[in-house]
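Shown next, in structure tokens, is the structure this report addresses.
A quick note: this is a predicted structure, and the numbers were derived from the prediction, not measured. Counting starts at 1 for both ligands and their atoms, following the listed order. When reading the values below, keep in mind they use all heavy atoms of this one structure, side chains included, and skip hydrogens, waters and symmetry mates.
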Amino acid sequence: MNVQEIMQQMTLEEKAAFCSGYDFWHTKAIERLGVPAVMMCDGPHGLRKQEGVGDHLGINKSIETVCYPTAAALASSFDRDVMRKLGEALGQECQAENVAMLLGPGLNIKRSPLCGRNFEYFSEDPYLAGEMGAAYVQALQGQGIAACAKHFACNNQETLRMSGSSNLDERTLREIYLPAFEAVVKKGRTRSLMCAYNAVNGTFCSENKMLLTDILRDEWQSDAFVVTDWGAIKDQAKGVAAGLDLEMPGGPNATGEEIVEAVKAGTLSEADLDKTVLRLLQFVKDSVEQRRPDAKIDREACRHLARELAGECAVLMKNEGGLLPLKEHQKVAFIGEFADKPRYQGAGSSHINVPHAVSALETAGGAVVYARGYDAHSDTTDDALLKEAVAAAKNADVAVIFAGLPDAFETEGADRDHMRLPDNQNELIAAVAAANTNTVVVLHGGSPVELPWLNQAPAVLCMYLGGEQVGAATVDLLYGKVNPSGHLAETWPIRLQDNPSYLNFPGEEGVVTYAEGIFVGYRYYDKKEMPVNFCFGHGLSYTRFEYANLTLDKDSLTDQDTLAVSVDVKNTGSAAGKAAVQLYVRDKDSTVRRPIRELRAFEKVTLQPGESKTVFFTLDKRAFAYWEPKCHDFFVESGEFIIEIGESSRDIRLSRAVQVEGTIELPFTVTVNTTIGQLLKHPKGKEIIGNMMRSSALSHVDQTDSMGEGSERMMQGMMMGIQLGALVSYGRLNRKQLKDLIATLNA
Ligand code: BGC
């Protein structure tokens with residue numbers, strides 16, 4: 001297939017029609033030119049392939065297959081290998097099912113715990129989301145299946161998701177909401193992106209030239225094609241002009257007449273349309289060439305993988321007195337409906353059709369007694385169920401409660417309106433914990449919840465939405481067959497009100513202002529030193545890890561160099577386990593607002609008892625930089641930075657300082673409104689002002705005596721705030737001198 005030749009043989013009408021899908025899941029074929037249709041399906045924690053007539057609302061069933069842990073769980077593994085294994089398995093399954101592209105991964109940042117789709121997203125941290133996403137994309141595409149990174153960009157809530165505008169400043173966009181996409185584009189080389197429904201600063205993503213062309217194609221150098229989210233099109237011609245390629249779902253009657261008209265009217269250049277057509281043809285060509293018609297899928301092996309991955313993702317949040325793992329001789333009660341009918345995935349377009357989800361109860365078999373405890377479809381306490389549960393807890397050595405968010409709470413299309421568990425579950429946990437001090441709470445759900453009973457429960461194990469094998473994996477973890485090694489990819493605040501987006505979520509009249517700026521998740525909680533239930537990166541193990549010998553290959557570097565970091569980690573406990581070594585960077589003397597620390601590298605390491613390994617990291621400019629709107633680029637401010645190694649954002653074990661010198665000089669335009677303080681921060685300004693001060697042009701009349709205590713500081717403060725223009729009124733310079741001074745400073 002020669003895409004150039006095919007494109008040249010296409011009429012304007014054929015090109016325009018090719019920019020829309022044929023139906024819900026297929027591109028259009030161009031039979032006369034031998035271009036076949038290819039299929040795309042939802043994912044990405046399983047394959048949602050609808051056979052027969054596709055329908056978006058899930059009325060028609062998709063094929064029965066395996067459901068893996070959702071992204072919220074996967075990110076907690078802090079393990080790129082987990083993502084690779086998932087990407088490979090799904091890639092093979094897509095080959096076996098003749099699917100060319102699997103929609104996902106979802107890379108949107110968890111701005112608020114209330115976002116209904118948080119279970120489909122990785123993290124509140126863009127670096128972690130980007131690394132996990134890129135590892136998955138590489139593995140999936142390694143099997144010849146295109147990934148489609150979504151939803152580009154700033155789709156951080158479901159309320160008014162199709163029509164709202166996410167409004168934010170340039171620095172926040174670049175530091176928080178784009179880097180995960182950037183990583184998946186640059187590192188993962190994703191073959192496709194899905195533009196979000198919403199607008200960013202008033203321009204719909206499907207028509208957003210800044211996102212689709214200036215950033216994606218020109219800056220990130222991507223040749224990926226962009227598909228709309230299903231039905232996100234507003235004006236297709238405008239979209240194509242902005243860099244959009246494919247409208248989905250379209251339909252056989254979607255002829256692209258807007259495109260034809262725009263080309264004829266000269267508002268869309270045919271050259272731009274050709275670029276779009278070429279990108280789409282390239283996608284089809286690659287899919288045809290990488291197709292493996294003889295591929296087979298072993299679903300039994302996939303189920304084993306789903307169980308293994310769910311075990312890697314779970315987070316042991318709390319384990320007082322070593323209550324977990326459970327001991328063989330203990331009498332154990334499993335309490336709560338989710339022990340029998342686990343909650344393992346969220347609702348919406350990612351919903352996987354699973355023949356059977358494995359429960360903890362069936363896995364544990366006769367080893368435990370069971371009490372239902374609550375009705376998962378209700379919020380109110382059923383006294384009989386409660387009584388039975390308390391009795392079971394009293395009779396047991398350990399009570400394990402299976403709690404979490406019911407299905408209806410977490411879905412695409414709607415946000416949660418509070419962060420609480422249903423009342424009946426909270427009441428049950430409090431009552432059981434009062435009856436048995438050895439109470440373990442196992443949590444299911446795609447997002448944090450408030451934990452009002454936390455002080456009463458000595459152990460908490462979070463499974464997130466762990467896929468169809470979640471029950472089996474839970475038993476593996478509870479009994480110590482698998483050692484927990486997950487770490488939180490998001491902060492668990494105490495109350496919803498503590499969340500930085502609280503006052504601006506979900507916005508008003510279709511506009512949501514990201515007023516908290518870059519202070520999302522731990523960047524906010526840690527800066528405010530706010531108590532939280534569990535901080536970012538937190539996760540316990542049945543063993544202990546010690547860190548030593550943090551080494552940097554240099555004491556100072558410029559932002560053009562890289563810094564090699566190594567650290568030894570040792571398993572000092574008695575069980576084999578996995579450490580998630582987290583590297584944070586702290587800008588010690590920044591003059592702009594920055595978070596206390598930011599995750600810049602991580603590695604998962606397997607260690608036998610007593611074993612020690614050295615972990616290596618390489619940091620480049622981006623590890624030290626912030627986005628500087630003055631130069632529209634990532635910028636390193638010269639100064640001291642601290643390299644920190646920790647087990648969470650609040651458990652830093654080792655740190656070392658390094659001097660980094662920025663090599664970019666910021667543009668600095670002096671006007672009559674520039675203050676002395678601002679000038680002093682600029683090398684040239686500092687020199688000139690220094691001279692003026694010495695020559696007394698700026699020395700103030702000494703009034704300190706008459707102005708009371710602290711007047712020295714006050715004069716200093718006032719001086720720094722004086723703008724250049726005022727020097728004329730103060731009689732320190734005449735107009736001509738002022739003009740000359742400004743000209744010299746700007747020269
Ligand atoms: C969702 C996408 C999904 C698409 C196709 C949309 O409503 O936002 O994530 O891939 O539908 O089902």
Side-chain angles (χ1 to χ4, degrees), residues 20-27 38-63 65 70-72 90 94 99-110 115-122 129 133 136-137 140 145-164 166 180-181 184 190-200 204-206 224-234 244-251 254 345-353 410-415 446 465:
S20 300
Y22 177 73
D23 62 18
F24 255 91
W25 308 116
H26 293 89
T27 59
V38 296
M39 184 176 205
M40 55 196 95
C41 283
D42 268 317
H45 55 265
L47 173 61
R48 180 168 168 264
K49 182 183 180 190
Q50 282 187 309
E51 285 181 320
V53 189
D55 79 275
H56 185 46
L57 301 171
I59 300 158
N60 287 337
K61 275 202 168 165
S62 53
I63 57 163
T65 188
T70 61
L90 286 170
C94 287
V99 171
M101 176 158 90
L102 192 60
L103 305 173
L107 295 171
N108 300 100
I109 292 295
K110 299 181 191 211
C115 171
R117 279 187 107 168
N118 273 359
F119 69 91
E120 283 187 72
Y121 301 142
F122 290 117
Y136 164 82
V137 168
L140 180 79
I145 304 302
C148 180
K150 64 191 190 179
H151 309 88
F152 189 52
C154 302
N155 177 189
N156 308 96
Q157 62 186 50
E158 291 301 282
T159 309
L160 291 176
R161 69 167 175 158
M162 291 182 113
S163 56
S166 302
F181 289 99
V184 163
T190 186
R191 285 166 56 197
S192 168
L193 288 92
M194 184 190 293
C195 74
Y197 287 120
N198 53 281
V200 170
F204 280 106
C205 292
S206 58
F225 77 96
V226 178
V227 54
T228 61
D229 199 340
W230 270 227
I233 205 83
K234 311 286 168 187
L244 174 73
D245 299 311
L246 181 64
E247 174 204 16
M248 284 303 285
Q345 66 171 333
S349 60
S350 69
H351 195 270
I352 305 302
N353 184 8
E410 287 177 294
T411 173
E412 178 177 336
D415 294 317
L465 293 176

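Residue contact check for ligand 1: M248 places no non-hydrogen atom closer than 4.0 Å to it. The shell of residues lying under 4.0 angstrom from ligand 1, judged by heavy atoms, includes R117. Under a 4.0 Å heavy-atom criterion, F24 is not in contact with ligand 1.
H151 and Y121 have perpendicular rings, their planes meeting at more than 60° on a 0 to 90° scale where under 30° would count as parallel.
Annotation: side chain to side chain donor-acceptor pair (under 3.5 Å) contacts of T411 (sequence neighbours excluded): none.
You'll find the side chain of Q50 stays beyond 4.5 Å of the side chain of F24, heavy atoms only. Within the 4.5 Å cutoff, side-chain heavy atoms of E412 are placed close to those of R161. Between N198 and C205 there is a side-chain heavy-atom pair separated by less than 4.5 Å. Inter-residue side-chain proximity for I145 and L90 is flagged as unmet; no heavy-atom pair is nearer than 4.5 Å.
Each of the atoms 2 (C), 3 (C), 9 (O), 10 (O) of ligand 1 lies under 4.0 Å from some heavy atom of K150. Using a 4.0 Å cut-off to heavy atoms of E412, the atoms of ligand 1 that qualify are 1 (C), 6 (C), 7 (O), 8 (O). Below 4.0 Å from some heavy atom of L103 lie the following atoms of ligand 1, by number and element: 10 (O).
Between the side chain of N156 and the main chain of I109, a donor-acceptor pair closer than 3.5 Å is present.
Using a 4.0 Å cut-off between heavy atoms, Q50 makes no contact with ligand 1 at all. The side chain of R161, and not its backbone, has at least one atom closer than 4.0 Å to an atom of ligand 1 (non-hydrogen atoms only; side chain from C-beta on).
Not a single N or O atom of W25, backbone or side chain, sits closer than 3.5 Å to an N or O atom of ligand 1.
With R48, H151, M40 as candidates, the residue nearest to atom 9 (O) of ligand 1 on a non-hydrogen basis is H151.
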